Amino acid sequence: MMSRPDVRRRMRIRHTDWGDAVRIDLNQLGSRLPAHGIQGATWSEEAGEALRDAWAESQNVALCDTLTDVAARLGGNFDSFAEWTVLHNRRYDGTHMRSERRARFGPAYRAAITTLGWAHPSANLSTRIQAVGYVPKARATFQQTMWRPESLYDTEFMALAPAVVTRFGGGRQIHLSGVVAWDEGINPLFNGQPERQIRHVFDLIQGVFEEGGGTLADVVRLRPFAHCTKIARLIREEVEQRWAGHPRPVVMMSDSRSFGDPPSLFAEIQVMGVLSDNDDGVRHSETQPPAGIPDEGALRIRSSRVRDWELVQVGELRAPPGERPDLEAERVTEQLATVLERVSLSRKDICLTFAYVSSPESAAAFPEVVSQVVPTDTVHVLPCPAMPELEARHIKVELTAGRRLDPVSTTVSNNP
């Protein structure tokens, strides 16, 4: 008998109060690869292709059912999720998932979705999803819509949105699906020209935020997926040059993604930002990292304040060079505790602790160690291949937190 995909086995759900809305972080959603496909036969060798396809499709249905169920507990639905980050390995049917999403999204909505095929070679998962959603409270002023910027190609054929705008509490959160160097016809631009391609991707990102009435200062977080370490370096250099004079975004870099050899695309960048809403302003600031954290220029601490809430974004945190592998999780956790104290964040403020981990042993140990300073239900670990940029280290961490603000005094409130 074919095993059923249990996508909820490691699932964690985090709710945080943002005033007019409750944020949902759905972490560690996805199934392990089945050990057996037919009674008495190993899955990989003897199970028929039709059975393997049926299992993959069943997994997609279970994933979408779970997203719907989790949002429904707060009065939301499948459209409540603004952003999905999907890591897939073997037996993930992306074509079927597009059809499943298309059937479930409302007639005018699609989420911002980035799908990555770079799981650690020994990972026994089929897929792992992190999804961010918002459900409005009763009588709240709230709107979440798909947005097709004129400055960006459309992604309807993939059943996902180029951008999603979530508006409440005096601000607009913008999530972009992974941006690449495509033209309107979804053809790669600047083949064989990585520098020009990278500049074009950033031109697209900048164009979207300017079209939305903002600037580069409103870009809060970038998650680039680079073809190699050389491309990762080009991306970091472009960020430093382009954001000169602005608060810089948090950059959570992966330089272990394969784009083919030679690649037609050298990078894909997932984006999140905060813009003002009508006459309500947004105040962006960048905090100096605490002394003693060897960030190698990679650590950013960003705050974005609107009328009713504040978003705090932190990353990348990484262990010092030369640290013993068995102590990396402890060192990163110590750094995280120092940052949380520096910016006065409590455990209840934390929404998401997002980690790339390239060692299976570290991937198993990190959630337990980091839960000493953050709630366990905020932790989402992506087991990925080696990250050459880290020079034999294995862990990178990004953190998201949110705080309600008193709309009169703009002081922080932790009241439910």
Side-chain angles (χ1 to χ4, degrees), residues 5 7 10 26-34 43-44 49 52-53 55-60 62-64 67 83-102 111-131 155 157-161 176-182 186 188 194 197 201 222-232 235 252-271 354-360 363 380-390 394 396 398:
V7 301
R10 296 180 179 274
L26 181 52
N27 302 320
Q28 304 290 94
L29 174 64
S31 179
R32 296 163 60 95
L33 287 162
W43 176 272
S44 58
E49 188 67 22
R52 291 197 292 269
D53 289 346
W55 184 90
E57 292 178 5
S58 178
Q59 177 185 228
N60 287 338
L63 292 168
C64 292
L67 285 156
E83 179 184 73
W84 303 17
T85 304
V86 183
L87 171 70
H88 71 81
N89 193 14
R90 299 179 298 280
R91 306 319 312 169
Y92 176 76
D93 188 335
T95 300
H96 177 266
M97 176 55 95
R98 292 178 187 180
S99 298
E100 191 68 24
R101 291 196 305 247
R102 188 173 285 111
I113 300 173
T114 303
T115 301
L116 314 165
W118 52 282
H120 191 282
S122 68
N124 65 350
L125 57 86
S126 173
T127 189
R128 184 162 289 175
I129 296 176
Q130 200 285 324
T155 50
F157 74 103
M158 293 190 290
L160 55 88
L176 304 186
S177 299
V179 181
V180 297
W182 277 340
I186 315 300
Q197 236 190 50
V201 170
L222 303 172
R223 288 183 188 151
F225 306 97
H227 170 64
C228 61
T229 304
K230 175 185 175 181
I231 302 302
I235 291 170
M252 182 70 160
M253 180 72 70
S254 166
D255 59 335
S256 56
R257 169 86 189 261
S258 173
F259 286 79
D261 191 19
S264 59
L265 296 171
F266 290 94
E268 178 176 353
I269 304 180
Q270 186 187 53
V271 186
F354 189 98
Y356 296 156
V357 185
S358 61
S359 157
H380 184 79
V381 175
L382 295 185
C384 64
M387 296 175 279
E389 191 187 43
L390 282 186
H394 305 93
K396 289 184 176 183
E398 170 200 289

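All values below come from the heavy atoms of this structure, side chains included, with hydrogens, waters and symmetry mates left out. Since the structure is predicted, the reported quantities are computational estimates derived from the model, not experimental observations.
- In terms of heavy-atom proximity, H380 sits nearest to L382 at NE2-CD2, 3.2 Å.
- For the pair R102 (side chain) and F157 (backbone), a donor-acceptor distance under 3.5 Å is present.
- Contact detail for Y92 and S126: the closest heavy-atom pair is N-OG, 3.8 Å.
- W118 and Y356 have perpendicular rings, their planes meeting at more than 60° on a 0 to 90° scale where under 30° would count as parallel.
- Between atom CH2 of residue W182 and atom CG of residue L265 there is a gap of 7.0 Å, rounded to the nearest 0.5 Å.
- Residues V201 and I235 fail the side-chain proximity criterion, which asks for heavy atoms closer than 4.5 Å.
- Although no hydrogens or angles enter the test, the distance criterion places no donor-acceptor pair under 3.5 Å between the side chain of N60 and the main chain of H96.
- Side chains of Q270 and F225 form a contact here, defined as non-hydrogen atoms less than 4.5 Å apart.
- Here L176 contributes atom CG and I269 contributes atom CD1; the two are 10.5 Å apart, rounded to the nearest 0.5 Å.
- Here the side chain of D93 pairs no donor or acceptor atom with the backbone of D53 at under 3.5 angstrom.
- The main-chain N or O of A267 is never found under 3.5 Å from a side-chain atom of H227 such that the two would form a donor-acceptor pair.
- The heavy-atom pair separating F354 from M252 by the smallest distance is O-CE, 3.5 Å.
- One finds the OG1 atom of T155 at 9.0 Å from the CD1 atom of I113 (value rounded to the nearest 0.5 Å).
- A donor-acceptor pair under 3.5 Å is absent between the side-chain atoms of S177 and the main chain of T114, judged by distance alone.
- Side-chain atoms of M158 and T115, non-hydrogen and from C-beta on, never get closer than 4.5 Å to each other.
- With sequence neighbours excluded, the residues forming a side-chain hydrogen bond (donor to acceptor under 3.5 Å, both in side chains) with E83 are R221, listed by chain and number.
- Here the side chains of L125 and R10 are not in contact, with every heavy-atom distance at 4.5 Å or above.
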Next item on the list: Check step by step if side chain to side chain donor-acceptor pair (under 3.5 Å) holds for R223 and T85.
Entry: CA-CA 10 Å; R223 288 183 188 151; T85 304; 3.3 Å; yes

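- Scanning both residues, H88 and G117, for their nearest heavy atoms gives NE2-CA, 3.5 Å.
- Annotation: side chain of M387 is not in contact with side chain of M253 (no heavy-atom distance under 4.5 Å).
- A distance of 8.0 Å separates NE2 in H394 from NE2 in H120, rounded to the nearest 0.5 Å.
- In this structure, the side chains of I129 and L26 stay at 4.5 Å or more apart for every pair of heavy atoms.
- For the pair M97/V86, no side-chain contact is recorded, criterion being any heavy-atom separation below 4.5 Å from C-beta on.
- At a threshold of 4.5 Å between non-hydrogen side-chain atoms, the residues S254 and K396 do not count as touching.
- Atoms CD and OG, on Q59 and S31 in that order, are 5.0 Å from each other to the nearest 0.5 Å.
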Next item on the list: Let me see the working for D255 and I231 under side-chain contact (heavy atoms from CB on, under 4.5 Å), right down to the final yes or no.
Entry: CA-CA 8 Å; D255 59 335; I231 302 302; over 6 Å; no

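- In terms of heavy atoms, E389 sits closest to T229 at N-OG1, 3.9 Å.
- For V381 against R128, the heavy-atom pair with the smallest separation is O-NH1, 3.0 Å.
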